[in-house]
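Report on the structure given below.
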Amino acid sequence: MRSRGADPFAQTRYGVDTNAGELLEKYDFLETGAKAESENWSIAGRLMSQRPHGKTAFADLADRTGKLQLYVRRDEVGDGKFADWTVLDIGDIVGVHGYMFRSQKGELSLHVLKFDVLAKAMYPLPDKWHGLTDVEKRYRQRYVDLIVNPEVRDVFFARSKILAEMRRFIDAQGFYEVETPTLLHVAGGAAARPFVTHVNALDQMMQLRIATELNLKRLIVGGFERVYEIGRIFRNEGIDPVHNPEFTMLELYAAYWDVNDMREFNEALIAHLVDVVTGGKDELQIGEKTLSFKRPFKRVEYLELLREHGGYTREQLLDPGGAAAILKTLGLPESPSHAHALDKIFERAAEPHLHEPTFVTGYPVAISPLAKRRQDDPEITDRYELFIANAEISNAFTELNDPDDQRARFEGQITQRSAGDEEIPEPDWDFVRALEYGMPPTAGIGIGVDRLVMLLTNQPSIKDVLLFPLQRQHG
RNA sequence: GCACCGCUAGCUCAAUGGUAGAGCAGUUGACUCUUAAUCAAUUGGUUGUAGGUUCGAGUCCUACGCGGUGCACCA
């Protein structure tokens, strides 16, 4: 094009007054062969295919709302402009102006009277029939994936809508959204290995957060009462279809609620999102199975679940030695801590059975260092996890607000940490001090947003709900 | 980190150890309602990288790189 004396990047704007989706809807009434010549429209998008036909040409234009067929005639745009049109490549960005009609084969199309080249594509697009299927290239060059695979784009549009709907639902109940630091001196609030970095200005090592929990509870102490953060969390661990080193978590805290209030809220939120995503249904298609989200969801006590699947008793499980013995019978490797052992046992024995949405309630204190004990059963906390399709979707509990108990549990963690469990964080003593100023009774919840989006969009891999999933650097 | 599988043209894929190919895209030409447009012609390659075996390697062997899947770890 430049060799013909034209600059394909000269245009700085294009006056678009509609889009493909709107036009298709608006002119659906046109009968085959009918024209709506009195109304002209301008739209812009990417050229997805060309079907030149001598002195006329058909083409497909794609914008964010869909695809519209274009029809260009030499006798209307002029010889020179028609020649310009025929040298356009698939992938070029064009703006077109014309009127709607329905072609003789019955497709609603735009009859182009004028057009402008807005940007040139230097690379050809992947095979129009097979598309881009190379998984690696799809992730590394997501922009190409998004151009060629509309269903991929739809997943991310859906993710955007799900996030917006979550915020709307939460905001409607008077919660404040906040942003707390990603760089922390001590990354706490969860069991995970942190990323470590260095801050030049302070000449200090810092860690990327592994949870937002402790800072959000500081805000509860500070009087926020209802607060949440939807933020990026970093855990320096494996990459697989359900794990990415950085992921998005919703954490939400409500003063004066207990775990039961939170369960109600959680159930309502999930049911609402399913309703929105499915357009009014209460079930989701997950792979080959259909999952019902009719309220109330199933509920089962943690200890009962493990007695049912495996026959393990409370005494065995709550005793570190007993839990270690169970691990052995399951053929699992020795765990560095009681907490770790319980997680492994649960994962192996119970998780495969948790297909329908199920609240598992009453987790042992040993694996719940930040949750409040039950008044009538101090070895068990008022905590639940929600499982859907064998995956943990949320984790919630009545927050521990007794600073002495919190200090004691942190001290216990120091022992576990020195015993070799690298995922146990260093205690955050300022958090204990915050509790000493008085934290109201509070319930909190964490929801893995990526996994929830996977569920709601029926995607089997976390990489398919992350626009730019982490990939190894190419050599 | 371990195991298995994959890597060939821009894309999707072929090729018993014996001259590296097809379709699409690209380029040139024909065509005034096509839609995977059609028809004719045509360009396109360090077969992931580096070694090795062999008269001869896309093919067999070794190492490495990247990806996928599974396992381990984690949510």
Side-chain angles (χ1 to χ4, degrees), chain A residues 32-33 35 48-61 67-77 82 86-91 101-109 111 121-141 144-145 147-149 189-194 210-211 233-251 331-333 335-336 340 343-344 347-348 351 385-387 390-395 421-423 446-452 454 460-463 469-475:
Chain A
T32 297
K35 309 171 184 180
M48 296 307 287
S49 77
Q50 274 268 50
R51 293 180 293 282
H53 213 77
K55 297 182 183 65
T56 70
F58 285 90
D60 291 327
L61 186 79
K67 206 183 259 189
L68 181 68
Q69 178 167 264
L70 307 177
Y71 178 56
V72 187
R73 294 174 64 99
R74 185 164 82 174
D75 56 8
E76 285 174 340
V77 297
F82 190 77
T86 55
V87 302
L88 287 177
D89 290 315
I90 288 170
F101 74 107
R102 193 179 287 278
S103 75
Q104 287 179 14
K105 292 287 167 66
E107 180 163 348
L108 267 182
S109 313
H111 193 121
M122 304 294 190
Y123 288 106
L125 290 180
D127 191 294
K128 70 182 168 197
W129 187 237
H130 299 97
L132 181 65
T133 58
D134 182 318
V135 182
E136 174 183 358
K137 194 157 283 183
R138 282 190 46 223
Y139 298 141
R140 286 188 193 277
Q141 288 177 244
V144 179
D145 190 29
I147 292 168
V148 199
N149 296 321
R193 291 152 78 166
I210 56 174
I233 299 296
F234 306 85
R235 297 188 181 174
N236 205 345
E237 280 149 3
I239 301 173
D240 65 32
V242 289
H243 295 92
N244 194 68
E246 53 177 309
F247 62 102
T248 301
M249 184 131 90
L250 160 68
E251 284 199 43
L332 294 170
S335 282
H340 191 266
D343 279 342
K344 292 292 105 186
E347 200 176 290
R348 175 65 70 92
E351 247 180 56
E385 289 194 355
L386 172 61
F387 286 85
N390 313 98
E392 183 198 328
I393 294 296
S394 43
N395 174 23
D421 194 338
E422 290 179 50
E423 287 157 11
I447 298 181
V449 171
D450 311 284
R451 291 198 182 165
L452 183 60
M454 283 170 69
S461 170
I462 197 169
K463 294 191 181 201
L470 188 67
Q471 299 282 103
R472 192 180 291 271
Q473 176 88 49
H474 250 157

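In what follows, chains carry the letters A, B, and so on, assigned in the order in which the sequence lines appear, proteins first and then strands, with residues in each chain numbered from 1. Hydrogens, waters and symmetry mates play no part in the numbers below; they use all other heavy atoms, side chains included.
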Protein-nucleotide distance ([X], atom [atom1]; [N], atom [atom2]), rounded to Å:
| X | N | atom1 | atom2 | result |
| --- | --- | --- | --- | --- |
| A:Asn236 | B:A75 | CG | C1' | 14 Å |
| A:Lys137 | B:A9 | NZ | P | 9 Å |
| A:Arg73 | B:C31 | CZ | P | 15 Å |
| A:Leu125 | B:G26 | CG | P | 10 Å |

task = For B:A50 and B:C66, measure between their C1' atoms and round to the nearest Å.
result =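 So the two C1' atoms sit 15 Å from each other.
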
ask   = Roughly how far apart, to the nearest Å, are B:G52 and B:U59 at atom P?
value =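 One P to the other, the span is 14 Å.
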
Does [X] place a side-chain N or O at less than 4.0 Å from the phosphate oxygens OP1/OP2 of [N]?
| X | N | value |
| --- | --- | --- |
| A:Arg51 | B:U34 | no |
| A:His53 | B:U34 | no |
| A:Arg140 | B:G67 | yes |

Choosing from [options], which nucleotide comes nearest the side chain of [X]?
| X | options | value |
| --- | --- | --- |
| A:Asp75 | B:U32, B:C73, B:A75 | B:U32 |
| A:Thr56 | B:A25, B:U34, B:U32 | B:U32 |
| A:Lys55 | B:C31, B:C33, B:A37 | B:C31 |
| A:Pro241 | B:G68, B:U35, B:U69 | B:U69 |
| A:Tyr71 | B:G67, B:U32, B:A75 | B:U32 |
| A:Pro124 | B:G67, B:A25, B:C73 | B:A25 |
| A:Asp240 | B:G68, B:G26, B:C73 | B:C73 |

Both distances below 3.5 Å, Watson-Crick or wobble geometry, any strand: find the nucleotide opposite [N].
| N | answer |
| --- | --- |
| B:C60 | B:G52 |
| B:U16 | none |
| B:C66 | B:G6 |
| B:G1 | B:C71 |
| B:C39 | B:G29 |
| B:U47 | none |

Classify the side chain of [X] and the base of [N] as holding, or not holding, a donor-acceptor pair under 3.5 Å.
| X | N | value |
| --- | --- | --- |
| A:Ser103 | B:U34 | yes |
| A:Gln104 | B:U34 | no |
| A:Asp134 | B:C11 | no |

Near-parallel close stack of A:Phe247 and B:A75 base (under 5.5 Å, under 30°) =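 Stacked: centres under 5.5 Å apart, planes under 30°.
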
query = Under the side-chain hydrogen bond (donor to acceptor under 3.5 Å, both in side chains) test, which residues partner A:Ser49, sequence neighbours left out?
reply =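 Applying side-chain hydrogen bond (donor to acceptor under 3.5 Å, both in side chains) to A:Ser49 gives A:Arg51, A:Asp60.
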
inquiry  = Please classify the nucleic acid contact of A:Arg193 as base, sugar-phosphate, or nothing, using heavy-atom distances under 4.0 Å.
reply    =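 Result for A:Arg193 = nothing.
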
request  = Kindly assign one of parallel, tilted or perpendicular to the pair A:His111 and A:Tyr71, based on the angle between their ring planes and the thresholds 30° and 60°.
outcome  =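 Perpendicular, since the angle between the ring planes exceeds 60°.
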
